[in-house]
Every structure is written in structure tokens, then in C-alpha cells.
Amino acid sequence: MTYTGDVQVGGPADVRELPKLTITKLAVGPFDNNAYLLRCAETGEGLLIDAAADADRILALTSDQPIATVVTTHQHGDHWQALEQVVKATGATTVAHPLDADALPVPVDRLVEHGDSVTVGVVTLEVIHLRGHTPGSIALLYDGGDGEQHLFTGDSLFPGGVGNTWKDPERFEQLYSDVVERVFDRLPDETWVYPGHGKDTTLGAERPSLPEWKARGW
């Protein structure tokens, strides 16, 4: 596997070819956001996770085969600066959780809850609601079969910890509990994690640190 997930703003995208899905990771904008283009190998249909910034660069990835759907992982502005322009150019359906949808700059066509599914061509992604970073933060899980899981976590899980909860103990406890119960308790160590900023990780790399995260409270 040549994919590493190590991308830099202004640099090339990194591409991961799975049997049924191609994942393209692009770093964009002043906050080093990650935008992920998922494309169904069978149909060519595309889905974008977080139109964060640099609409021209994102659209350049989709020029030969337009995207059908844009999922916004949560309401923070650095994750949707390019949303309006991308949707205008592509006509894509917008998707978000109802608790964060009103903060987005465009109407949300489809509201999703925990356990719902989002499709890209013939591929299905599971919506996992991870409360705490924002009320409506969501992750998307792709089960590639044969124990191969791919989890797009927005700002709810990173290498080294859960997302920012601004030293609010209740919000931290909610996010930590959701991440443990809805992610670590049900998914294998091999699960690949694609966060909203920075480098990728795996659940196996992070699992030993869970007690430390809980003890420090962030």
C-alpha cells in the first residue's frame, strides 16, 4: 500500500484504491483541513466529505466525474468554506446532522441521524453520531469487508485524542463516551481513521491511550 494519508496544503492529494471505493485525501485552507473524495469503483459516483476550503482545488478533483453528495461532518466554519461554491458547481445533495445543519451556509437536503446510511454509488456508509465537539458532529464508516473498516471522523477523533471540547467536562465526557462506545468498543484495531485535520491513524494505535485521555480530560 503506497497510501500514507500524509498530505500538505498546496501539495498533491493522496489516493487509496480499495476494491469497491477510491479515497482521495486533499489538505486545504489556512487551518490544514482534510477534504475526502470518495468514488464508487463500480458506478463512478462521487461523494465529498467536508468542502472545507479551496473550492477550485476540490472541484479539480471532480472535474471528470462530478460528485453527487457532499457530507459536512459538523458546523464549524473551517469545514464548509467551499461548500456553497462546490454545491453550486456540482448540484450535489447536501447532508448533515440536524443539530448542526442550521449553521451551514446552504440548505441541507438530507438530515441524518445516528445509524442512518449514506450511499455513494453501490457503496454504503454508516453515520455515527459523536456528540461533544459540536452537538451534531458525525463520522462515516465504510465496511470494506474482510475486516477492513474505514472511519472518517471529522474533528471528533484524531491521533492522540478526541476532538476539542474547550475544557468543558460534560462535553468531554459525552465525546469520550461516544467515541469509546460507538467506535472503539465495536470496531477492530485495524480500522483506519481519517480525521478532519492532519495525519491518519488506526484504532489500534490509539486504543492503549484511552485511559490517559480519560484521566487528563481532553
Side-chain angles (χ1 to χ4, degrees), residues 3-16 23-38 46-62 67 69-90 92 94-97 99-106 108 128-140 150-168 171-172 174-176 178-179 183 192-202 205-206 213 216 218:
Y3 175 86
T4 65
D6 296 343
V7 293
Q8 303 295 326
V9 175
D14 200 3
V15 180
R16 187 171 201 171
I23 301 168
T24 301
K25 178 180 181 179
L26 184 68
V28 294
F31 298 100
D32 192 16
N33 286 75
N34 296 322
Y36 297 95
L37 175 63
L38 280 53
L47 176 148
L48 180 69
I49 300 175
D50 285 345
D54 295 348
D56 291 344
R57 296 196 68 211
I58 290 174
L59 290 170
L61 293 179
T62 70
I67 55 175
T69 308
V70 180
V71 179
T72 303
T73 59
H74 64 288
Q75 64 178 271
H76 289 157
D78 59 311
H79 289 259
W80 51 254
Q81 290 301 305
L83 181 60
E84 187 171 9
Q85 189 172 344
V86 168
V87 169
K88 184 177 180 180
T90 63
T94 53
V95 177
H97 191 278
L99 293 179
D100 277 17
D102 287 347
L104 303 187
V106 299
V108 175
I128 301 176
H129 187 195
L130 299 174
R131 300 158 291 186
H133 181 66
T134 66
S137 288
I138 57 173
L140 294 177
H150 300 265
L151 184 66
F152 302 86
T153 56
D155 283 1
S156 292
L157 177 62
F158 294 99
V162 298
N164 194 348
T165 52
W166 292 272
K167 299 182 179 180
D168 183 324
R171 289 175 64 176
F172 170 77
Q174 179 69 79
L175 181 54
Y176 179 84
D178 277 0
V179 165
V183 175
W192 197 275
V193 175
Y194 305 82
H197 305 262
K199 295 182 178 182
D200 299 354
T201 188
T202 64
E206 306 304 322
W213 300 356
R216 76 190 185 194
W218 57 273

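Index from 1, following the sequence. The analysis underlying the following values was restricted to heavy atoms, covering all of them including side chains, and did not include hydrogens, waters or symmetry mates.
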Peer 1: Is there a side-chain contact between Val86 and Leu83, using heavy atoms and a 4.5 Å cut-off?
Peer 2: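 With C-beta onward as the side chain, the pair stays apart.
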
Peer 1: To the nearest 0.5 angstrom, please state how far the CG atom of Leu99 sits from the NE2 atom of His129.
Peer 2: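 If I round to the nearest 0.5 Å, the distance is 5.5 Å.
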
Peer 1: Could you tell me whether the side chain of Val183 reaches within less than 4.5 Å of the side chain of Leu130, counting heavy atoms only?
Peer 2: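 When only atoms from C-beta onward are counted, Val183 and Leu130 do touch, with a gap below 4.5 Å.
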
Peer 1: List the atom of Gly161, the atom of Trp213, and the distance in Å for their closest heavy-atom pair.
Peer 2: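 It is N-CZ2, 3.2 Å.
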
Peer 1: Within a reach of under 6.0 Å around CG of Asp168, are more than 12 heavy atoms found that belong to other residues, nucleotides or ligands?
Peer 2: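 Correct, the count exceeds 12.
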
Peer 1: With sequence neighbours left out, write down each residue that passes side chain to side chain contact (heavy atoms under 4.5 Å, CB included) with Gln75, or none if nothing qualifies.
Peer 2: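 Gln75: side chain to side chain contact (heavy atoms under 4.5 Å, CB included) contacts with Asp100, Ala103, Thr134, Pro135.
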
Peer 1: Can you name the nearest heavy-atom pair linking Ala53 to Ile58, along with the distance?
Peer 2: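 Ala53 and Ile58 have their closest heavy atoms at O-CD1, 3.2 Å.
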
Peer 1: Could you tell me whether the side chain of Leu37 reaches within less than 4.5 Å of the side chain of Leu26, counting heavy atoms only?
Peer 2: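 The answer is no, as the side chains (C-beta and beyond) never meet within the 4.5 Å cut-off.
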
Peer 1: Side-chain contact, heavy-atom cut-off 4.5 Å: Leu38 with Leu140?
Peer 2: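 Of all side-chain heavy-atom pairs linking Leu140 with Leu38, none is under 4.5 Å.
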
Peer 1: Output all residues satisfying salt bridge (charged side-chain N to carboxylate O under 4.0 Å, His left out) with Arg57, sequence neighbours left out; order by chain, then residue number.
Peer 2: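 Arg57 satisfies salt bridge (charged side-chain N to carboxylate O under 4.0 Å, His left out) with no other residue.
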
Peer 1: With under 30° as parallel and over 60° as perpendicular, where do the rings of Tyr194 and Trp192 fit, or are they tilted in between?
Peer 2: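 Plane angle between 30° and 60°, so tilted.
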
Peer 1: Among residues at least two apart in sequence or on other chains, which ones pass side-chain hydrogen bond (donor to acceptor under 3.5 Å, both in side chains) with Thr165?
Peer 2: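 For Thr165 there are no side-chain hydrogen bond (donor to acceptor under 3.5 Å, both in side chains) partners, ignoring immediate neighbours.
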
Peer 1: Looking at Ile67 and Leu47, what are the two nearest heavy atoms and their distance?
Peer 2: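 Shortest heavy-atom contact: CG2-N, 4.3 Å.
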
Peer 1: At their closest point, which heavy atom of Pro159 faces which heavy atom of Asp200, and how far apart are they?
Peer 2: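 The answer is CG-O, 3.9 Å.
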
Peer 1: Rounded to the nearest 0.5 Å, what's the gap from CD1 on Ile49 to OG1 on Thr69? Could you check?
Peer 2: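 The OG1 atom of Thr69 is 10.5 Å from CD1 of Ile49, to the nearest 0.5 Å.
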
Peer 1: Quick one: NE2 on His76 to CZ on Phe31, what's the gap to the nearest 0.5 Å?
Peer 2: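 Reported to 0.5 Å precision, the distance equals 11.5 Å.
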
Peer 1: Quick check on Gln174: does its CD atom have over 12 non-hydrogen neighbours (other residues, nucleotides or ligands) under 6.0 Å away?
Peer 2: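 Result for CD/Gln174: enclosed.
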
Peer 1: Main chain of Lys25, side chain of Asp14: is a donor-acceptor contact present, judged purely on distance under 3.5 Å?
Peer 2: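 Not confirmed, Asp14 side chain does not pair with Lys25 backbone.
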
Peer 1: Verify, without hydrogens or angle tests, whether Asn33 (side chain) and Asp78 (backbone) share a donor-acceptor contact under 3.5 angstrom.
Peer 2: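 Flag set: sc Asn33 to bb Asp78 pair under 3.5 Å.
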
Peer 1: Which residues pass the side chain to side chain contact (heavy atoms under 4.5 Å, CB included) test with Phe158, sequence neighbours left out?
Peer 2: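 Side chain to side chain contact (heavy atoms under 4.5 Å, CB included) check on Phe158 returns Asp155, Pro195, His197.
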
Peer 1: Going by heavy atoms in the side chains, are Ile138 and Val71 under 4.5 Å from each other?
Peer 2: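 Yes, close enough: below the 4.5 Å cut-off.
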
Peer 1: Considering non-hydrogen atoms only, spot the tightest contact between Ala96 and Leu104 and give its length.
Peer 2: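 Heavy-atom minimum between the residues: CB-CD1, 3.8 Å.
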
Peer 1: Among all residues two or more places apart in sequence or in another chain, which pass the side chain to side chain contact (heavy atoms under 4.5 Å, CB included) test with Asn164?
Peer 2: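 Testing Asn164 for side chain to side chain contact (heavy atoms under 4.5 Å, CB included), a comparison that skips the adjacent residues, returns His133, Trp166.
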
Peer 1: Any chance you could measure Ser156, atom OG, to Asp178, atom CG, to the nearest 0.5 Å?
Peer 2: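 Interatomic distance, Ser156 OG to Asp178 CG, rounded to 0.5 Å: 8.5 Å.
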
Peer 1: If you look at every heavy atom in Ala101 and Val108, which pair is closest and at what distance?
Peer 2: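 Answer, listing the atom of Ala101 first, then Val108: CB-CG2, 3.7 Å.
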
Peer 1: Rounded to the nearest 0.5 Å, what separates atom OH in Tyr176 from atom CZ in Arg216?
Peer 2: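 Spacing of OH (Tyr176) from CZ (Arg216) equals 10.0 Å.
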
Peer 1: Nearest 0.5 angstrom please: Leu48 CG to Leu61 CG, how far?
Peer 2: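 If we round to the nearest 0.5 Å, Leu48:CG and Leu61:CG are 8.5 Å apart.
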
Peer 1: Under the side chain to side chain contact (heavy atoms under 4.5 Å, CB included) test, which residues partner Asp50, sequence neighbours left out?
Peer 2: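 With sequence neighbours excluded, Asp50 shows a side chain to side chain contact (heavy atoms under 4.5 Å, CB included) to Thr72, Thr73, His79, given in chain and number order.
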
Peer 1: Would you call Thr90 and Leu59 a side-chain contact if the rule is heavy atoms closer than 4.5 Å?
Peer 2: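 They are in contact (side-chain heavy atoms under 4.5 Å apart), so the answer is yes.
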
